[in-house]
Student: 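Quick one: structure below, then a few questions.
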Amino acid sequence: MPLLGRRNKRGCFGLFTALLGLILAAGPVCSAAATPEQTGRGPENRGMRLFTDDLKRTRKIPKQIKRLVVLSGPAVEVTWAMGKGDLIVARSEWATWPPQMKKLPSLGSIIRPNQELIWELKPDVIVADMHFRKSAPFMERMGVPVVFLSAVHVEDIGVLVERMGRLLNKPKRAQELRAFVQKYMNAVKKPLQGLKPQEKPRVFHGSGRQLYFTSSSKYGRRVIDEAGAINIADSLPFYWQQVSPEWLVCEDPDYMVLSPNLAKYSYEVPERKAMSSLWEHAANRPGIRSMRITRDNHLYLLNARLGYGLRSFIGAIYMAKIFHPDLFPDLDPKQIHARFLEKFYGLKLEGSYLYP
């Protein structure tokens with residue numbers, strides 16, 4: 001029995017040695033059991049990368065994006081400003097600027113975007129804003145990553161531009177765009193520093209078909225604050241709330257700035273004649289025509305696209321010139337606007353963004 005035991009041990013040892021030799025000789029095959037990054041199956045080695053969006057969600061996206069659906073209006077404008085607008089294959093219903101966007105198919109409803117169209121277009125990434133937060137899971141079930149990138153307030157522009165620069169692999173262009181925006185915002189902010197509250201005009205900024213307010217402390221119409229004024233709706237409780245002419249008469253603002261709904265103009269920039277008609281409609285509403293703002297010609301229409309997103313800094317420049325003309329004798333908002341469009345979009349300034 002002992003002799004038999006010894007022979008078995010020697011035989012097992014010899015078999016183990018032989019197997020070990022085979023395993024060592026087949027080293028490359030054994031490496032298949034290593035980590036995904038070592039084997040080339042990790043995201044960085046499959047032509048993929050990790051990207052974190054505004055909601056701190058991390059998604060795997062291609063290193064080089066070739067097809068892009070953009071449902072965020074501000075992100076659309078930044079994409080074109082980066083020189084990457086040709087990557088966009090679909091849009092949201094209201095994302096019709098720059099003009100090239102009108103030629104692209106719309107995904108339709110915020111609640112349930114057209115999944116069949118997403119499947120047909122096969123985008124690499126979908127860029128959305130918070131309006132699409134509930135519908136994002138439906139889109140991601142089709143295997144397309146959704147990232148949330150947008151800019152509501154003027155101070156959000158820099159973050160959006162930087163993140164879109166990373167998404168599109170255009171960091172230098174992003175830096176150039178941020179520098180342009182910051183240059184002119186600094187030109188506005190510096191003269192406004194030190195203004196006392198009593199030196200700031202009280203302003204109502206409304207939007208929509210009727211008269212609505214947007215509280216600048218809670219939503220996007222921060223152009224009023226950035227232009228050195230006080231939004232009279234700040235103390236009201238909701239993001240959006242229809243207000244009556246009686247409320248406006250009681251508040252008696254120094255200025256009224258309205259951003260009319262442009263759905264009937266296909267969200268395009270209307271000509272001056274159309275803006276004049278909209279202005280007359282607002283000025284002749286019951287209660288409004290008797291207010292001080294109408295008598296003093298302090299009722300203005302501002303295109304809604306200058307009230308949020310990338311171009312909101314231009315809206316702030318227009319308004320600062322109106323609210324504080326003595327502080328900005330050499331500031332030409334229209335010239336800055338035209339320079340911006342030419343430099344980053346190759347477009348001429350057309351249509352009426354501000355009236356009168």
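Please read all numbers here as calculations on a predicted model, not as lab measurements.
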Student: Which pairs pass side-chain hydrogen bond (donor to acceptor under 3.5 Å, both in side chains) with one or both residues in residues 313-324, sequence neighbours excluded?
Tutor: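 Found Tyr318-His337.
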Student: Does some side-chain heavy atom of Gln175 sit less than 4.5 Å from a side-chain heavy atom of Arg178?
Tutor: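 The answer is no; the side chains never approach within 4.5 Å.
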Student: Restricting to pairs with a member in residues 190-203, which pass side-chain hydrogen bond (donor to acceptor under 3.5 Å, both in side chains), not counting sequence neighbours?
Tutor: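 Every side-chain hydrogen bond (donor to acceptor under 3.5 Å, both in side chains) pair that includes a residue of residues 190-203, provided the two are not neighbours, is Arg202-Glu251.
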Student: Would you check if Val144 and Met139 make a side-chain contact, meaning some heavy-atom pair closer than 4.5 Å?
Tutor: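 No. Closest side-chain heavy atoms not under 4.5 Å.
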Student: Taking all heavy atoms of Arg59 and all of Val146, pick out the closest pair and write down the distance.
Tutor: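 Heavy atoms of Arg59 and Val146 come nearest at CG-O, 3.9 Å.
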Student: Please answer: with hydrophobic residues joined when any side-chain heavy atoms are less than 4.5 Å apart, are Leu302 and Ile230 in the same cluster?
Tutor: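 The answer is no; the residues belong to distinct hydrophobic clusters.
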Student: Drop me the distance from Gln115's CD to Trp119's CH2, to the nearest 0.5 angstrom.
Tutor: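 With rounding to 0.5 Å, CD (Gln115) is 11.0 Å from CH2 (Trp119).
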Student: The criterion is ring pair (Phe, Tyr, Trp, His ring centres under 6.0 Å); which residues satisfy it with Phe323, sequence neighbours excluded?
Tutor: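 For Phe323, the residues satisfying ring pair (Phe, Tyr, Trp, His ring centres under 6.0 Å) (neighbours in sequence not counted) are Tyr255.
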Student: Between Asp296 and His298 (side chain of the first, backbone of the second, donor and acceptor by atom type, cut-off under 3.5 Å), is there such a pair?
Tutor: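 No.
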Student: Considering only distance and modelled atom types, tabulate donor-acceptor pairs under 3.5 Å from the side chains of residues 182-189, sequence neighbours left out.
Tutor:
unit_1	atom_1	unit_2	atom_2	d
Gln182	NE2	Asn186	OD1	2.9
Tyr184	OH	Arg339	NH1	2.4
Asn186	ND2	Gln182	O	3.2

Student: Using the side chain to side chain donor-acceptor pair (under 3.5 Å) criterion, which residues pair with Asp326? Sequence neighbours excluded.
Tutor: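 Checked Asp326 against side chain to side chain donor-acceptor pair (under 3.5 Å); zero matches.
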Student: Between Val147 and Ile126, is a side-chain contact (heavy atoms from CB on, under 4.5 Å) present by the stated rule, with each step listed?
Tutor: CA-CA 6 Å; Val147 296; Ile126 296 174; over 6 Å; no
Student: Atom CD1 in Ile61, atom CG in Asp124: separation rounded to 0.5 Å?
Tutor: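 CG of Asp124 is found 9.0 Å from CD1 of Ile61.
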Student: Yes or no on side chain to side chain donor-acceptor pair (under 3.5 Å) for Arg272 and Ser277, after CA distance, side-chain angles and deciding distance?
Tutor: CA-CA 9 Å; Arg272 190 169 180 81; Ser277 176; over 6 Å; no
Student: Does CZ in Arg133 sit with more than 12 non-hydrogen atoms of other residues, nucleotides or ligands closer than 6.0 Å?
Tutor: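 Check fails, neighbour count at 12 or below.
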Student: Might you point out which heavy atoms bring Pro356 and Leu299 nearest each other, and give the distance in Å?
Tutor: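 For Pro356 and Leu299, the tightest heavy-atom pair comes out as CD-O, 3.5 Å.
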Student: For Ala174 and Met82, which heavy atoms make the closest approach, and how far apart are they?
Tutor: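 Taking Ala174 first and Met82 second, the nearest heavy atoms are CB-CE, 3.4 Å.
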Student: Just how far is it from atom CG of Leu68 to atom CG of Leu168, taken to the nearest 0.5 Å?
Tutor: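 The CG atom of Leu168 is 6.5 Å from CG of Leu68, to the nearest 0.5 Å.
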Student: For Arg305 and Tyr353, what are the C-alpha separation, side-chain angles and deciding distance, and is it a side chain to side chain donor-acceptor pair (under 3.5 Å)?
Tutor: CA-CA 9 Å; Arg305 296 183 188 276; Tyr353 283 87; over 6 Å; no
Student: So which atom in Ala81 and which in Arg173 form the shortest heavy-atom distance, rounded to 0.1 Å?
Tutor: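 The pair with the smallest heavy-atom distance is O-NE, 2.8 Å.
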Student: Show the nearest heavy-atom pair for residues Ser92 and Phe132, with the distance to one decimal.
Tutor: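 Distance-wise, the nearest heavy atoms are CB-CZ, 4.1 Å.
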Student: Any link between Val127 and Val159 through a network of hydrophobic side chains (Ile, Leu, Val, Met, Phe, Trp, Tyr) touching at under 4.5 Å?
Tutor: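 Different clusters.
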Student: Would Arg289 and Glu280 pass as an ion pair if we require N to O under 4.0 Å?
Tutor: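 No, no charged N to carboxylate O under 4.0 Å.
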Student: CE of Met101 to OG1 of Thr79: how many Å apart, nearest 0.5 Å?
Tutor: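 Atom-to-atom, Met101:CE and Thr79:OG1 are 8.0 Å apart.
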Student: Nearest 0.5 Å, please: how far is CG in Leu121 from CZ in Arg67?
Tutor: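 Here the rounded value is 6.0 Å.
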Student: Do Leu347 and Pro98 have side chains that get closer than 4.5 Å, going by heavy atoms?
Tutor: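 Yes, their side chains come closer than 4.5 Å.
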Student: Do Leu349 and Val181 sit in the same hydrophobic cluster, where Ile, Leu, Val, Met, Phe, Trp and Tyr count as joined when their side-chain heavy atoms come under 4.5 Å apart?
Tutor: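 Yes.
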Student: Is any side-chain heavy atom of Val203 closer than 4.5 Å to one of Pro253?
Tutor: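 Side chain of Pro253 against side chain of Val203, heavy atoms only: no contact under 4.5 Å found.
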Student: Treating Ile, Leu, Val, Met, Phe, Trp and Tyr as nodes and any side-chain heavy-atom pair under 4.5 angstrom as an edge, say whether Val76 and Ile65 lie in one connected cluster.
Tutor: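 Cluster IDs for Val76 and Ile65 match.
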Student: I'd like to know if the side chain of Ser72 reaches the main chain of Ala75, judged simply by a donor and an acceptor atom lying under 3.5 Å from each other, with no hydrogens or angles considered.
Tutor: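 Yes; judged by distance alone, with no hydrogens or angles, the pair exists.
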Student: Applying salt bridge (charged side-chain N to carboxylate O under 4.0 Å, His left out) as the test, list every pair that has at least one member in residues 147-168; sequence neighbours left out.
Tutor: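 Of all non-adjacent pairs touching residues 147-168, those that pass salt bridge (charged side-chain N to carboxylate O under 4.0 Å, His left out) are Asp54-Arg163, Glu155-Arg222, Glu162-Arg166.
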Student: Regarding His131 and Asp129, do their side chains bring together a donor and an acceptor under 3.5 Å, going by distance alone?
Tutor: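 Yes, Asp129 and His131 have a side-chain donor paired with an acceptor closer than 3.5 Å.
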Student: Quick one, Glu93 with Ser106, criterion side-chain contact (heavy atoms from CB on, under 4.5 Å). Give me CA distance, side-chain angles, the key distance, then yes/no.
Tutor: CA-CA 5 Å; Glu93 180 183 3; Ser106 167; 4.0 Å; yes
Student: Between the side chain of Arg91 and the main-chain N/O of Leu104, is any donor-acceptor distance below 3.5 Å?
Tutor: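 Such a contact is found between Arg91 side chain and Leu104 backbone.
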Student: Give me the atom names and distance for the closest heavy-atom approach of Leu258 to Ala282.
Tutor: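 Closest approach of Leu258 to Ala282: CD1-CB, 3.5 Å.
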Student: Is there a side-chain contact between His205 and Val223 in this structure, where contact means two heavy atoms from C-beta onward sitting under 4.5 Å apart?
Tutor: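 Yes; the side chains approach each other to less than 4.5 Å.
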Student: Would you say Ile336 and Leu331 make side-chain contact, with heavy atoms under 4.5 Å?
Tutor: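 With C-beta onward as the side chain, the pair touches.
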Student: Taking atom NZ as the centre, does Lys334 end up with more than 12 heavy-atom neighbours from other residues, nucleotides or ligands that are less than 6.0 angstrom away?
Tutor: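 Counting neighbours around NZ of Lys334, 12 or fewer heavy atoms of other residues, nucleotides or ligands fall under 6.0 Å, so no.
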Student: Using the side-chain contact (heavy atoms from CB on, under 4.5 Å) rule, take Trp247 and Phe204 through it: C-alpha gap first, then chi angles, then the decisive distance, then the call.
Tutor: CA-CA 11 Å; Trp247 182 84; Phe204 171 79; 3.9 Å; yes
Student: Is a donor on one side and an acceptor on the other found under 3.5 Å between the side chain of Asp254 and the backbone of Pro201?
Tutor: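 Not at all, since once roles are kept as given, no pair shorter than 3.5 Å links the two residues.
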Student: To the closest 0.5 Å, what do you measure between CG (Leu354) and CG (Leu301)?
Tutor: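 Leu354 atom CG to Leu301 atom CG measures 8.0 Å (nearest 0.5 Å).
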Student: In the structure I gave you, are the side-chain heavy atoms of Trp80 and Val70 within less than 4.5 Å of one another anywhere?
Tutor: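 Heavy-atom side-chain distance check fails, nothing below 4.5 Å.
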Student: Mind running side-chain contact (heavy atoms from CB on, under 4.5 Å) on Leu248 and Met291 for me, showing each step along the way?
Tutor: CA-CA 9 Å; Leu248 287 169; Met291 291 178 64; 4.1 Å; yes
Student: Side chains of Val125 and Pro62: does their closest heavy-atom pair fall under 4.5 Å?
Tutor: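 Sidechains of Pro62 and Val125: in contact.
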Student: For this output row, return yes or no: ring centroids of Phe180 and Phe340 closer than 6.0 angstrom.
Tutor: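 For Phe180 and Phe340, the ring centres are under 6.0 Å apart.
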